[in-house]
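Along the sequence shown, residues carry numbers from 1.
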Amino acid sequence: MVQKTSSGFRASIDEPEPLSPSENFRRPTLQSLSMRSTQIASATVTPIPDRASSTIMSRDASPISSSQSSNRHVPSPIAAETYTEPYLKFMSQNPTVFHAVDAFSTQLASSGFEHLSERDRWTTKLRPGGKYYTTRNGSALIAFAIGKEYKLGNGVGIVAGHVDALTAKLKPIPKLQTKAGYVQLGVAPYAGGLNDTWWDRDLGIGGRVLVKDSKTGKIEKKLVKLDWPIARIPTLAPHFGMAAVGPFNKETQMVPIIGLDNSDLSGVGNHPPHDSKIKAGTFAATQPERLVRAIASEMSIDDYSSIINWELELYDTQPAQLGGLDKEFIFAGRVDDKLCCYSAIEALLATSSDTSPGIVKMVGCFDDEEIGSLLRQGAKSNFMGSIIDRICEGMLYYQSNEASNRGGGPQFTPQLGPNLINQTLANSFLVSSDVIHAVNPNFLGASLENHAPRLNVGVAISADSNGHMTTDAVSTALLQRIAENCGSVLQVFQIRNDVRSGGTIGPMTSSQLGIRAVDAGIPQLSMHSIRATTGSLDPGLGVRLFKGFFDWFEVVDSEFR
């Protein structure tokens with residue numbers, strides 16, 4: 001049973017009853033784990049209204065008829081276990097930020113979302129009922145669906161997170177002098193990459209390559225991944241004494257090895273002679289020769305000089321997989337924060353056009369959160385604000401034309417001003433979704449009592465008294481009402497007073513846009529490790545809440561006016 005705290009959140013769960021001897025060797029399935037999660041939810045949240053009922057219950061238990069509500073469709077709940085295997089596949093196939101954004105783009109396009117380039121004019125393209133997405137730098141994405149009953153000044157319901165992860169990126173000129181027969185690669189840590197969890201891991205390489213087309217002369221951006229282990233950062237055995245203890249220098253002692261060359265001993269190289277395809281003065285000439293050859297081979301590039309530049313990074317090649325005796329865990333790299341972005345995109349695809357038809361439903365997946373979000377593709381940029389401006393302008397243009405067609409002439413000249421934009425923002429709401437650290441059984445003292453989220457229970461609201469999170473009482477209450485309507489359990493997290501909290505995109509985004517916001521993320525263990533853990537049901541539990549937010553926001557928000 002879930003225990004309810006005075007704050008109204010579920011902070012802990014009693015242990016399940018022990019199995020009987022005849023049950024000891026029965027392995028629960030994901031479906032049975034999901035049933036357990038459903039039992040937790042049904043024991044602690046307001047039941048979902050009966051689909052046959054014509055009323056939706058508001059917070060004060062007074063009925064809201066479907067004819068009075070803009071939400072005329074009671075959505076069905078999400079089965080959390082259905083997202084487990086797809087999430088594993090997504091994580092294994094998309095190791096870099098470029099691959100993740102490309103996968104999201106492909107998925108959105110196949111689901112009827114229209115791609116819009118920021119370079120183009122959108123005014124005549126946007127319409128009620130339309131679904132769209134755009135990308136910036138190939139590493140950030142915003143997708144949105146305009147409600148079929150959207151009116152000027154109505155709000156935007158947003159779920160946003162970051163899709164970048166701690167990694168090690170190749171330096172501009174990563175060629176290094178061979179040492180003791182080892183060919184090494186010059187890399188630089190991104191955020192907290194190259195920490196102690198990177199020792200002795202099987203590392204692949206992938207990212208974005210700029211290639212000049214020999215016929216058109218245009219430069220194309222292509223993705224590549226060498227998903228076999230090509231690099232490793234070897235440890236020094238403990239019996240070497242103090243030299244193996246650390247701390248270690250990331251510039252000189254955490255340099256990956258990528259090959260052997262003992263030609264200094266034998267006079268004969270361990271690899272083919274210089275490749276004549278690598279011409280002096282080209283980008284390829286500044287890179288490790290064998291790496292150029294491997295990348296070109298993987299991409300079927302014959303002319304190495306056509307490679308204009310690239311952005312490559314190392315990543316753990318071990319695939320995401322289920323773990324635990326009953327497969328109740330997911331073990332994967334780069335969980336922070338591809339997990340929340342994955343669930344948000346799936347929620348946008350799962351929500352119905354019949355729910356909250358008077359708002360814009362939006363998902364934002366930003367880059368560079370781990371290093372401050374200061375770049376043009378980060379949450380501190382104008383990316384999301386500019387998209388909302390364009391939506392307002394497009395809908396102003398559309399609805400002006402509609403009025404003109406009905407009335408025999410334009411009633412006003414379409415123009416965008418602060419009154420309309422700020423009304424839209426005031427009616428909007430942001431769920432800032434970044435992963436939250438689950439309670440660790442080996443470090444119980446590091447977690448605050450009654451604020452220690454568990455795996456496979458539900459999304460956790462994150463609070464901070466010093467403004468590192470954007471959560472407040474109003475935004476918490478609104479998301480709680482969403483959870484009650486969609487059958488989700490909300491947990492709660494706050495850091496201890498003697499530890500400094502981390503940050504999210506919530507405060508920076510809500511302060512720039514001026515919209516109401518809450519920080520709420522999916523729990524995980526081993527945050528900032530090269531290999532992390534979450535619950536096997538947690539991706540689907542994220543989808544359930546985020547879809548519930550899209551489905552129910554218009555109804556619930558009316559309670560807070």
Could you tell me which non-hydrogen atom of P441 sits nearest to which non-hydrogen atom of L444, and how far apart they are?
O-CG, 3.6 Å
Could you go through L525 and T534, starting from their C-alpha distance and side-chain angles, then the distance that decides it, and tell me whether this counts as side chain to side chain contact (heavy atoms under 4.5 Å, CB included)?
CA-CA 6 Å; L525 282 173; T534 190; over 6 Å; no
Does a side-chain heavy-atom distance below 4.5 Å link L430 with T509?
yes
Short side-chain donor-acceptor distance under 3.5 Å, H162 and D336:
yes
Candidate pair F331 and Q318, rule side chain to side chain contact (heavy atoms under 4.5 Å, CB included), full reasoning:
CA-CA 10 Å; F331 302 144; Q318 186 175 356; over 6 Å; no
Side-chain touch S105/T135, heavy atoms, less than 4.5 angstrom:
yes
Testing the basics here: between C486 and G548, what is the closest heavy-atom pair and its distance to 0.1 Å?
CB-CA, 3.7 Å
Distance from T533 atom OG1 to N440 atom CG, nearest 0.5 Å?
9.5 Å
May I ask you to decide if V209's main-chain N or O and E311's side chain share a donor-acceptor pair within less than 3.5 Å?
no
Run the side chain to side chain contact (heavy atoms under 4.5 Å, CB included) test on V156 and I359 for me, step by step, so that the C-alpha distance in whole Å, both residues' side-chain angles and the decisive distance to 0.1 Å come before the verdict.
CA-CA 6 Å; V156 184; I359 68 166; over 6 Å; no
Please confirm whether the backbone N or O of T471 pairs with a side-chain atom of S475, one donor and one acceptor, at under 3.5 Å?
no
Looking only at heavy atoms, what is the nearest atom pair of L348 and A143, with distance?
CD2-CB, 3.7 Å
Value for CD1 (I388) from CD1 (I142), rounded to nearest 0.5 Å, stands at 8.0 Å
Give a yes-or-no answer on whether the side chains of T470 and S510 include a donor-acceptor pair shorter than 3.5 Å.
yes
Within the 4.5 Å heavy-atom criterion, are Q512 and M384 side-chain neighbours or not?
no
List the atom of P256, the atom of V187, and the distance in Å for their closest heavy-atom pair.
CD-CG2, 3.7 Å
For a quick test of reading the model, state the closest non-hydrogen atom pair linking I515 to I158 and the distance between them.
CD1-CD1, 3.9 Å
More than 12 heavy atoms of other residues, nucleotides or ligands under 6.0 Å from NZ of K380: is that the case?
no
Atom CG of D368 and atom CG of N137: how far apart are they, to the nearest 0.5 Å?
8.0 Å
Tell me the ring pair (Phe, Tyr, Trp, His ring centres under 6.0 Å) pairs involving residues 179-201, sequence neighbours left out?
W199-F248
F90 backbone acceptor or donor facing N94 side chain under 3.5 Å
yes
Rounded to the nearest 0.5 Å, what's the gap from CG on D196 to CD1 on I233? Could you check?
10.5 Å
Please check if any side-chain donor atom of D200 sits under 3.5 Å from a side-chain acceptor atom of T235, or the reverse.
yes
Begin from the C-alpha positions of F329 and S536 and carry the test side chain to side chain contact (heavy atoms under 4.5 Å, CB included) through to its verdict.
CA-CA 5 Å; F329 299 122; S536 58; over 6 Å; no
Sorted by chain and number, sequence neighbours left out, side-chain contact (heavy atoms from CB on, under 4.5 Å) with E313 holds for T96, T167, K169
Measure the spacing between OG of S488 and CG of L545 and express it to the nearest 0.5 Å.
4.5 Å
Within the side chain of S529, is there an N or O that forms a donor-acceptor pair under 3.5 Å with the backbone of T197?
no
Looking at side-chain heavy atoms only, is the closest gap between W552 and R481 below 4.5 Å?
no
Side-chain heavy-atom pair I330, D538 within 4.5 angstrom cut-off
no
Going through the checks in order, is the salt bridge (Lys or Arg N to Asp or Glu O under 4.0 Å) test met by E346 and R544?
CA-CA 9 Å; E346 292 291 346; R544 179 184 296 173; over 6 Å; no
State whether R516 and D557 are salt-bridged, where the test is any N-O pair (Lys NZ or Arg NE/NH1/NH2 against Asp/Glu carboxylate O) under 4.0 Å.
yes
May I ask you to decide if L203's main-chain N or O and D316's side chain share a donor-acceptor pair within less than 3.5 Å?
no
Any non-hydrogen side-chain atom of V224 less than 4.5 Å from a side-chain atom of L312?
yes
Could you tell me if the side chain of S447 sits less than 4.5 Å from the side chain of H451, heavy atoms only?
no
Looking only at atom types and distance, does a side-chain atom of S462 sit under 3.5 Å from a main-chain N or O of D519, one as donor and one as acceptor?
no
Is there a donor-acceptor contact under 3.5 Å from the side chain of D326 to the main chain of E328?
no
Is the shortest side-chain heavy-atom distance between Q93 and K225 below 4.5 Å?
yes
Could you tell me whether a side-chain N or O of R201 sits under 3.5 Å from a main-chain N or O of I530, the two making a donor and an acceptor?
no
Say you draw a straight line from CE of M527 to NE2 of H437; how long is it, rounded to the nearest 0.5 Å?
5.5 Å
Looking only at side chains, do T351 and K361 share a donor and an acceptor under 3.5 Å apart?
yes
Within the side chain of D102, is there an N or O that forms a donor-acceptor pair under 3.5 Å with the backbone of L223?
no
Is N249 reaching over with its side chain to a backbone N or O of T252, donor-acceptor style, under 3.5 angstrom?
yes
Under a plain distance cut-off of 3.5 Å, with no hydrogens placed, do R500 and H468 share a side-chain donor-acceptor pair?
yes
Closest contact, heavy atoms only, G542 versus S343:
C-CB, 3.9 Å
Are T355 and D551 linked by a side-chain donor-acceptor pair shorter than 3.5 Å?
yes
Look at atom NZ of K89 and say whether more than 12 heavy atoms of other residues, nucleotides or ligands are closer to it than 6.0 Å.
no
Establish, from distance only, whether the side-chain atoms of T504 and D434 form a donor-acceptor pair under 3.5 Å.
no
Residue Q253 excluded, over 12 heavy atoms near CD under 6.0 Å
yes
Taking the ring of Y87 and the ring of Y83, is the distance between their centroids below 6.0 Å?
no
For N497, look at atom CG and say whether over 12 heavy atoms of other residues, nucleotides or ligands are found less than 6.0 Å away.
no
